[in-house]
S.K.: 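Below are the structure tokens for one structure; questions will follow.
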Amino acid sequence: MRIVVISASLSESSTTHQLGEALAEATADQLGASVSVISLREHAHGIVDAMLTGFPNQALEAAFDDVKNADAVVAVTPAYNASYSGLFKAFFDVLPEETLRGKPVAIGATGGTPRHSLVTEHAIRPMFTYLHAITAPTAVYAATEDFGAHAADSDGTGAGIRGRIDRTARELAAIVQAVNPSAQQGIHGTDEAQGDDELDAPAPEADIAAARELFEDFKPMDELFG
């Protein structure tokens, strides 16, 4: 199995690059998968040329094939002006249609301040929904201050950056398994790895029962406005 990171980082040592690798490696641990990285800065000229001519160069074509053949994708971008970067958007503008249809995707973003944390929901997630990807429910936004506490959550709640990364990794691995039943079993990892941040999904029967309870007192629309 292969997980591909699409990183719009402008530097290999940036927090965006670190976040993408951390998400991919945590997911790979769940699935026993390999990880490769597509650094968009290396394809910047090729992306612009593809936008102008409609034809990707050989290196960009290879990147498209990597995304197409991946079992899961981790897409990360720095936040600029309360949205994704132009390089990030341009890559998906020239990516062939249908490439991401049904593809498990985890999304993440980085920024200098927590004020931009909703960029994952108002900008990035809608784009992947439009592209028909299956996105993990939890997106990870990391501000500069988060990386000082990257390795641990001192209160044990899993509320910090490490807890969010692990949560998203479990969600992405679960989607991969649902899409590809041959994926490695045991995707939730060990109890020690999860700690207090246990996210075992309820049984399907419980989901059905809970849904039925929501509609027990349902009234037809004509009665409400009659």
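Residue numbers run from 1 in the order of the sequence given.
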S.K.: After noting the C-alpha distance and the side-chain angles of T15 and D146, does the key distance pass the side-chain contact (heavy atoms from CB on, under 4.5 Å) rule?
M.R.: CA-CA 10 Å; T15 54; D146 287 315; over 6 Å; no
S.K.: Going from OG1 on T27 to CE on M1, what distance comes out if it is rounded to the nearest 0.5 angstrom?
M.R.: 10.5 Å
S.K.: Is K103 salt-bridged to D71, cutoff N-O under 4.0 Å?
M.R.: no
S.K.: Would you mind reporting whether I107 and V76 have side-chain heavy atoms less than 4.5 Å apart?
M.R.: no
S.K.: Work out which heavy atom in P78 is nearest to a heavy atom in A8; give both atom names and the distance.
M.R.: CD-O, 3.6 Å
S.K.: Taking atom types as modelled, is there a side-chain donor on S7 or S39 under 3.5 Å from an acceptor on the other?
M.R.: no
S.K.: With rounding to the nearest 0.5 Å, note down the distance linking CD1 in I165 to CD in E25.
M.R.: 10.0 Å
S.K.: In Å, rounded to the nearest 0.5 Å, how long is the span from CD of E121 to OG1 of T135?
M.R.: 8.5 Å
S.K.: For residues L23 and V140, determine if any side-chain heavy atom of one lies less than 4.5 Å from a side-chain heavy atom of the other.
M.R.: yes
S.K.: Indicate, with yes or no, if L95 and M127 share a hydrophobic cluster defined by side-chain heavy-atom contacts under 4.5 Å among Ile, Leu, Val, Met, Phe, Trp and Tyr.
M.R.: yes
S.K.: Decide whether L31 and V67 are clustered together by the hydrophobic rule: side chain heavy atoms of Ile, Leu, Val, Met, Phe, Trp, Tyr closer than 4.5 Å, transitively.
M.R.: no
S.K.: Considering all heavy atoms of both residues, which atom of G112 and which atom of T144 are nearest to each other, and what is their separation?
M.R.: CA-OG1, 3.5 Å
S.K.: Hey, mind stepping through T120 and R125 against side-chain contact (heavy atoms from CB on, under 4.5 Å) and telling me if it holds?
M.R.: CA-CA 6 Å; T120 57; R125 191 181 300 278; 5.7 Å; no
S.K.: Hey, are the side chains of V119 and Y84 touching, using non-hydrogen atoms and a 4.5 Å cut-off?
M.R.: no
S.K.: Will you find, in the side chains of S34 and R2, an N or O donor that is under 3.5 Å from an N or O acceptor?
M.R.: no
S.K.: So does K89 pair up with D93, basic N to acidic O under 4.0 Å?
M.R.: yes
S.K.: When you compare the side chain of V73 with that of I6, does any pair of heavy atoms fall below 4.5 Å?
M.R.: yes
S.K.: R170 and D166: salt bridge (Lys or Arg N to Asp or Glu O under 4.0 Å), yes or no, with the steps?
M.R.: CA-CA 6 Å; R170 290 197 297 274; D166 289 343; 5.3 Å; no
S.K.: Could you give the distance from CD (E98) to NZ (K68), rounded to the nearest 0.5 Å?
M.R.: 11.0 Å
S.K.: Is L40 reachable from L131 through a run of hydrophobic residues whose side-chain heavy atoms are each under 4.5 Å from the next?
M.R.: yes
S.K.: Tell me the ring pair (Phe, Tyr, Trp, His ring centres under 6.0 Å) pairs involving residues 108-133, sequence neighbours left out?
M.R.: F92-F128
S.K.: Between S9 and T16, do the side chains contain an N or O donor and an N or O acceptor separated by less than 3.5 Å?
M.R.: no
S.K.: Donor-acceptor pair, T77 side chain versus S85 backbone, under 3.5 Å?
M.R.: yes
S.K.: Measure centre to centre between the rings of F91 and F64, then say whether the value is under 6.0 Å.
M.R.: yes
S.K.: Which heavy atom in A136 sits nearest to a heavy atom in I175, and how many Å separate them?
M.R.: CA-CD1, 3.7 Å
S.K.: I'd like to know if the side chain of T99 and the backbone of P96 have a donor-acceptor N/O pair within less than 3.5 Å.
M.R.: yes
S.K.: Could you tell me whether the side chain of E171 and the main chain of T138 form a donor-acceptor pair under 3.5 Å?
M.R.: yes
S.K.: For the CG atom of L172 and the OG1 atom of T168, what is their distance to the nearest 0.5 Å?
M.R.: 8.5 Å
S.K.: Check whether V105 and Y141 end up in the same hydrophobic cluster, where Ile, Leu, Val, Met, Phe, Trp and Tyr are linked by side-chain heavy atoms less than 4.5 Å apart.
M.R.: no
S.K.: How close do A90 and I47 get, heavy atom to heavy atom, and via which atoms?
M.R.: CB-CG2, 3.6 Å
S.K.: Where the side chain of N180 meets the backbone of V176, is there a donor-acceptor pair that is under 3.5 Å apart?
M.R.: no
S.K.: Checking one residue: L52. Which other hydrophobic residues are in its cluster under the side-chain 4.5 Å linking rule?
M.R.: V48
S.K.: Is it true that a side-chain atom of D29 and a backbone atom of A26 form a donor plus acceptor pair closer than 3.5 Å?
M.R.: no
S.K.: Tell me whether V4 shares a hydrophobic cluster with V35, the cluster being built from Ile, Leu, Val, Met, Phe, Trp, Tyr side chains joined at under 4.5 Å.
M.R.: no
S.K.: Could you pull out the closest heavy-atom pair between N57 and G46, with the gap in Å?
M.R.: ND2-CA, 3.5 Å
S.K.: Would T110 and Q18 count as a side-chain contact (heavy atoms from CB on, under 4.5 Å) if you check the C-alpha gap in whole Å, the side-chain angles of each, and the deciding distance to 0.1 Å?
M.R.: CA-CA 10 Å; T110 60; Q18 293 177 44; over 6 Å; no
S.K.: Search all heavy atoms of I124 against all heavy atoms of G108 and return the closest pair with its distance.
M.R.: CD1-O, 4.1 Å
S.K.: Hey, is CG on N81 packed in by over 12 heavy atoms from elsewhere, all under 6.0 Å?
M.R.: no
S.K.: Are side-chain heavy atoms of V5 and I38 found at a separation under 4.5 Å?
M.R.: no
S.K.: When you measure from the side chain of S14 to the backbone N and O of L10, does any donor-acceptor pair fall under 3.5 Å?
M.R.: no
S.K.: Got a second to check how far R162's CZ is from R167's CZ, nearest 0.5 Å?
M.R.: 13.5 Å
